[in-house]
Amino acid sequence: RAETALGASEQRFRDFARASSDWFFETDAQLRFSYFSERFQDVTGLAPEDLLGKQRREVAAPGAVATEPEKWRQHNEDLSQRRPYRDFQYALLGPAGQRLHISVSAVPAFDPSGAFLGYRGTGTDVTELHQAREALQHMAHYDALTDIPNRRYFEATLESTLARAARYQHRGAVIFIDLDRFKHVNDTHGHLAGDALLRNVATHLATRLRKTDFLARIGGDEFALLCECVDRDDNPLQLASELIARVLEAAAQSY
């Protein structure tokens, strides 16, 4: 009866594993992956044998750890303290080199004597959710027409830039760019032509930027450029003249 009950329990687990949209995994006491259910390869396209014997940070996508050091530090602390963890998200590289975002939850396993055996847990693919979140984040901070930062993003960046400038005694510059007679363009040539002009202006202005400069569209026909760490030899007026020339080039190419 015990063998029958054990067999039924194992079959029940296999049925759950096959029916689940998630996969199951195990690690050993050194936190190296030791098992993946079949569902892992079905979802990710990755062969389990390519990950077995490796730790999570070894299989994470390049840059995944470096870009979120605090999150990984907290995760490593949970692991070292043998604490359960839930919904830890990180990126893997799929078989075609694409980034897959997964969420994992697990509990520590111990033998009857209390010795740590590793972790047992589940994983799920959250790539679509991650992409939707990124798209919403992009929409909140970037202008839909020109795809450069919007007013909200500019104001937040300006605030942090002013704080750094005050702390480190840096000089900077803010250049405001307003397109004169833009309404005449819309009235004469139509809004599609006006939209094309705005996109062209944004592209031409962006070609003049340094890595530390920040360009944004802050209104209908208004742009702003934030220049951080302006050297003593830099002349914001000269830069403004160059930007005006870029705007004129954009206008000339648009008509």
Side-chain angles (χ1 to χ4, degrees), residues 1-138 140-141:
R1 285 198 298 269
E3 290 177 352
T4 300
L6 179 61
S9 177
E10 291 176 348
Q11 183 60 48
R12 186 181 302 113
F13 174 80
R14 287 192 293 268
D15 291 343
F16 284 145
R18 285 197 296 267
S20 175
S21 59
D22 299 342
W23 62 85
F24 299 92
F25 70 88
E26 288 183 337
T27 71
D28 59 19
Q30 285 72 46
L31 306 177
R32 296 186 295 254
F33 290 113
S34 57
Y35 167 78
F36 287 98
S37 63
E38 294 180 5
R39 187 65 180 158
F40 175 76
Q41 186 165 3
D42 295 339
V43 173
T44 66
L46 297 169
E49 54 267 26
D50 292 337
L51 280 69
L52 294 177
K54 298 178 180 179
Q55 294 185 338
R56 179 166 290 120
R57 63 171 48 245
E58 294 180 278
V59 303
V65 179
T67 55
E68 298 181 296
E70 179 58 27
K71 183 180 80 170
W72 282 86
R73 186 201 64 77
Q74 180 61 54
H75 182 59
N76 290 333
E77 183 177 334
D78 289 338
L79 296 176
S80 65
Q81 297 297 320
R82 312 308 186 210
R83 292 193 290 251
Y85 58 87
R86 179 172 293 278
D87 298 328
F88 179 75
Q89 297 186 19
Y90 66 103
L92 293 173
L93 286 185
Q98 75 278 26
R99 292 180 81 86
L100 303 174
H101 295 272
I102 65 173
S103 177
V104 292
S105 302
V107 296
F110 303 91
D111 69 11
S113 67
F116 176 64
L117 299 176
Y119 276 90
R120 294 170 183 160
T122 61
T124 186
D125 182 7
V126 293
T127 302
E128 290 186 1
L129 178 62
H130 182 85
Q131 291 173 343
R133 189 180 297 121
E134 284 189 331
L136 288 174
Q137 187 79 356
H138 188 85
H141 291 91

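This chain uses plain numbering: 1 for the first residue, then up along the sequence.
- Between Trp72 and His75, the ring planes are perpendicular. Angles over 60° get that label, and only those under 30° would be called parallel.
- Tyr35 OH to Leu52 CG: the interatomic distance, rounded to the nearest 0.5 Å, is 11.0 Å.
- Listed here is the closest heavy atom pair of Tyr85 and Leu79: CE2-CD2, 3.6 Å.
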Could you go through residues 88-103 and list every donor-acceptor pair under 3.5 Å that involves a side-chain atom there, pairing it with any protein atom two or more places apart or in another chain?
residue : atom : partner : partner atom : Å
Tyr90   : OH   : Arg56   : NE           : 3.3
Gln98   : OE1  : Ala96   : N            : 3.0
His101  : NE2  : His130  : NE2          : 3.4

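- Judged as a side chain to side chain contact (heavy atoms under 4.5 Å, CB included), and not counting sequence neighbours, the contacts of Gln30 are Asp28, Arg32.
- Glu3 pairs by the side-chain hydrogen bond (donor to acceptor under 3.5 Å, both in side chains) definition with nothing, not counting sequence neighbours.
- The side-chain hydrogen bond (donor to acceptor under 3.5 Å, both in side chains) check on Thr4 picks up nothing, with sequence neighbours excluded.
- Listed here is the closest heavy atom pair of Thr67 and Pro69: C-CD, 3.4 Å.
- Residues forming a side chain to side chain contact (heavy atoms under 4.5 Å, CB included) with Ala135 (at least two apart in sequence, or on another chain): none.
- Under the side-chain hydrogen bond (donor to acceptor under 3.5 Å, both in side chains) criterion, Lys54 pairs with no residue, sequence neighbours left out.
- Partners of Asp42 under the side chain to side chain contact (heavy atoms under 4.5 Å, CB included) rule, at least two apart in sequence or in another chain, are Arg39.
- In terms of the side-chain hydrogen bond (donor to acceptor under 3.5 Å, both in side chains) criterion, residue partners of His138 (sequence neighbours excluded) are, by chain and number, Asp147.
- Listed by first and then second residue, the salt bridge (Lys or Arg N to Asp or Glu O under 4.0 Å) pairs involving residues 121-130 amount to none (not counting sequence neighbours).
- Taking 4.5 Å as the limit, some side-chain heavy atom of Trp23 sits within range of a side-chain heavy atom of Thr44.
- Under the side chain to side chain contact (heavy atoms under 4.5 Å, CB included) criterion, Ala132 pairs with no residue at all, not counting sequence neighbours.
- Here Phe116 pairs with Phe110, Tyr119 under the ring-ring contact (aromatic ring centres under 6.0 Å, His included) rule; sequence neighbours left out.
- Atom-to-atom distance recorded for Leu129:CG and Glu134:CD is 10.5 Å, nearest 0.5 angstrom.
- Here the side chains of Phe33 and Val59 are in contact, with some heavy-atom distance below 4.5 Å.
- Residue pairs meeting the salt bridge (Lys or Arg N to Asp or Glu O under 4.0 Å) criterion with at least one partner in residues 74-94, sequence neighbours excluded, are Arg73-Glu77, Glu77-Arg83, Asp78-Arg83.
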